[in-house]
J.: 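Sharing a structure with you now.
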Amino acid sequence: MILCTASVEPKVPDWLSGQNHGWITAEYAMLPGSTSPRKGRERSGRIDGRTYEIQRLIGRSLRAVADLNALGERTITIDCDVLEADGGTRTWSVTAGLMALVDALRAVRDELPDPTQSPLRGTVAAVSVGVVDGQALLDLDYAEDSRADVDMNVVMTSDGRFVEVQGTGERATFSQDELNALLDMARAGLGQLLEIQRDILGHEWPLQS
């Protein structure tokens, strides 16, 4: 279970200042009670490599469907806090983070450089797939992920284009055919997630006037 919120600031990082260009970024954290035993808090400026990697993945995925010029000089930060960890937290964060981003854009629509132009070109979602005991599985939970022979995270946009494919042979190698089968499974699962996003967004879909 993950709580995703979005905050909008009327400024951008220094390296973007003066370019009339917006930015979308993310922060990710596993709350102490999300795991057993308790996970210690990561203090500001002292995050581990896994957290940093996930934050970058979320940010890249959301920017992949965004027109940052249409944001003007403002930064949207997506905060993804894991309330209960059971595998797949990075993929949940991408999928739910998109919904938080849409809410934030709805709130500031009238303040954008051109309120008739959507800063989003579509939506994006992510899902995990893997091979456990010789069986291909979709959306692995912690027990499955911890003993997976092959583990993969796939991020895809609503027009069917991949943002990222992270595949690892944890305990075994995998063939081209097995890779293709896992991607096909991921694509099918992502299609379901993107459809759920579409249903929830309702009149906001496809995020264009």
Side-chain angles (χ1 to χ4, degrees), residues 1-4 26-42 46-65 78-99 122-198:
M1 183 183 302
I2 290 183
L3 174 66
C4 290
E27 293 192 8
Y28 167 96
M30 296 181 69
L31 299 184
S34 66
T35 62
S36 181
R38 176 187 184 276
K39 177 178 174 59
R41 294 185 186 274
E42 291 179 326
R46 299 183 62 183
I47 61 175
D48 65 28
R50 175 182 179 275
T51 297
Y52 183 65
E53 174 200 351
I54 293 174
Q55 291 182 168
R56 293 189 65 195
L57 171 66
I58 300 165
R60 281 196 305 270
S61 299
L62 298 177
R63 291 192 298 271
V65 293
I78 308 299
D79 285 293
C80 303
D81 292 304
V82 180
L83 306 180
E84 182 178 353
D86 189 21
T89 58
R90 72 186 65 197
T91 56
W92 297 350
S93 295
V94 171
T95 305
L98 183 280
M99 308 305 293
T123 59
V124 64
V127 75
S128 64
V129 288
V131 178
V132 181
D133 298 332
Q135 181 179 2
L137 298 177
L138 177 69
D139 191 20
L140 280 65
D141 62 22
Y142 176 78
E144 294 163 341
D145 181 72
S146 64
R147 58 191 180 89
D149 297 320
V150 178
D151 183 24
M152 186 177 297
N153 298 303
V154 182
V155 186
M156 190 178 78
T157 64
S158 52
D159 62 355
R161 297 184 65 82
F162 293 114
V163 178
E164 193 142 341
V165 177
Q166 300 176 336
T168 305
E170 299 283 359
R171 301 180 182 181
T173 58
F174 53 98
S175 68
Q176 178 74 54
D177 288 344
E178 290 169 326
L179 172 62
N180 292 339
L182 287 172
L183 286 175
D184 287 344
M185 176 177 283
R187 185 182 285 274
L190 287 163
Q192 295 178 47
L193 290 173
L194 291 163
E195 187 64 31
I196 291 170
Q197 287 178 332
R198 179 172 184 158

J.: Go through the structure and list residues passing salt bridge (charged side-chain N to carboxylate O under 4.0 Å, His left out) with Arg147, not counting sequence neighbours.
T.: Asp133

J.: CZ of Arg50 to CD1 of Ile54: how many Å apart, nearest 0.5 Å?
T.: 3.5 Å

J.: Find the distance between CG (Asp139) and CG (Asp145) and round it off to the nearest 0.5 Å.
T.: 10.5 Å

J.: Has Ser128 got a side-chain atom pairing as donor or acceptor with Gly88's backbone, closer than 3.5 angstrom?
T.: no

J.: Quiz question: by atom type and distance under 3.5 Å, do the side chains of Asp177 and Ser175 form a donor-acceptor pair?
T.: no

J.: So, do Val150 and Glu178 sit near enough that their side-chain heavy atoms are less than 4.5 Å apart?
T.: no

J.: Do Gln197 side-chain atoms and Met99 backbone N/O form a donor-acceptor pair below 3.5 Å?
T.: no

J.: Could you check Leu62 against Val124 for side-chain contact (heavy atoms from CB on, under 4.5 Å), going step by step and ending with a plain yes or no?
T.: CA-CA 7 Å; Leu62 298 177; Val124 64; 4.0 Å; yes

J.: How would you list, by chain and number, every residue that makes a side-chain contact (heavy atoms from CB on, under 4.5 Å) with Glu170, sequence neighbours excluded?
T.: Asp151, Thr168

J.: Evaluate the side-chain contact (heavy atoms from CB on, under 4.5 Å) criterion for residues Glu144 and Gln135: first the C-alpha distance (whole Å), next the side-chain angles of each, then the deciding distance (0.1 Å), finally the verdict.
T.: CA-CA 11 Å; Glu144 294 163 341; Gln135 181 179 2; over 6 Å; no

J.: If you count the non-hydrogen atoms of other residues, nucleotides and ligands that lie under 6.0 Å from CZ in Arg56, is the total more than 12?
T.: no

J.: So, for Cys4 and Ala96, which heavy atoms are closest and what is the spacing to 0.1 Å?
T.: SG-CB, 3.6 Å

J.: Write down the atom of Leu140, the atom of Ala148, and the distance for their closest heavy-atom approach.
T.: CD2-CB, 4.0 Å

J.: Please name the pair of heavy atoms, one in Thr95 and one in Ala126, separated by the smallest distance, quoted to 0.1 Å.
T.: OG1-N, 3.0 Å

J.: Do you know the tightest heavy-atom contact between Ala136 and Leu182?
T.: CB-CD2, 4.1 Å

J.: Only counting residues at least two apart or in another chain, list the ones meeting side-chain contact (heavy atoms from CB on, under 4.5 Å) with Ser146.
T.: Tyr142

J.: Take Leu193 and Met156, measure what side-chain contact (heavy atoms from CB on, under 4.5 Å) needs, and give me the verdict at the end.
T.: CA-CA 10 Å; Leu193 290 173; Met156 190 178 78; over 6 Å; no

J.: Only counting residues at least two apart or in another chain, list the ones meeting side-chain contact (heavy atoms from CB on, under 4.5 Å) with Leu3.
T.: Thr5, Leu83

J.: Mind listing the closest non-hydrogen atom pair of Ala125 and Val94 along with its distance?
T.: C-CG1, 4.2 Å

J.: Using side-chain heavy atoms (C-beta onward) and a distance below 4.5 Å, is Val127 in contact with Met185?
T.: no

J.: Verify side-chain contact (heavy atoms from CB on, under 4.5 Å) between Met152 and Val165, making sure each step is shown before the conclusion.
T.: CA-CA 7 Å; Met152 186 177 297; Val165 177; 4.0 Å; yes

J.: With sequence neighbours left out, write down each residue that passes side-chain contact (heavy atoms from CB on, under 4.5 Å) with Ser93, or none if nothing qualifies.
T.: Ile2, Tyr28, Ile58, Cys80

J.: Could you name each residue pair satisfying side chain to side chain donor-acceptor pair (under 3.5 Å) that touches residues 179-191, not counting sequence neighbours?
T.: Gln176-Asn180

J.: Give, for atom CG of Leu138 and atom CG of Leu190, the distance between the pair rounded to the nearest 0.5 Å.
T.: 8.0 Å

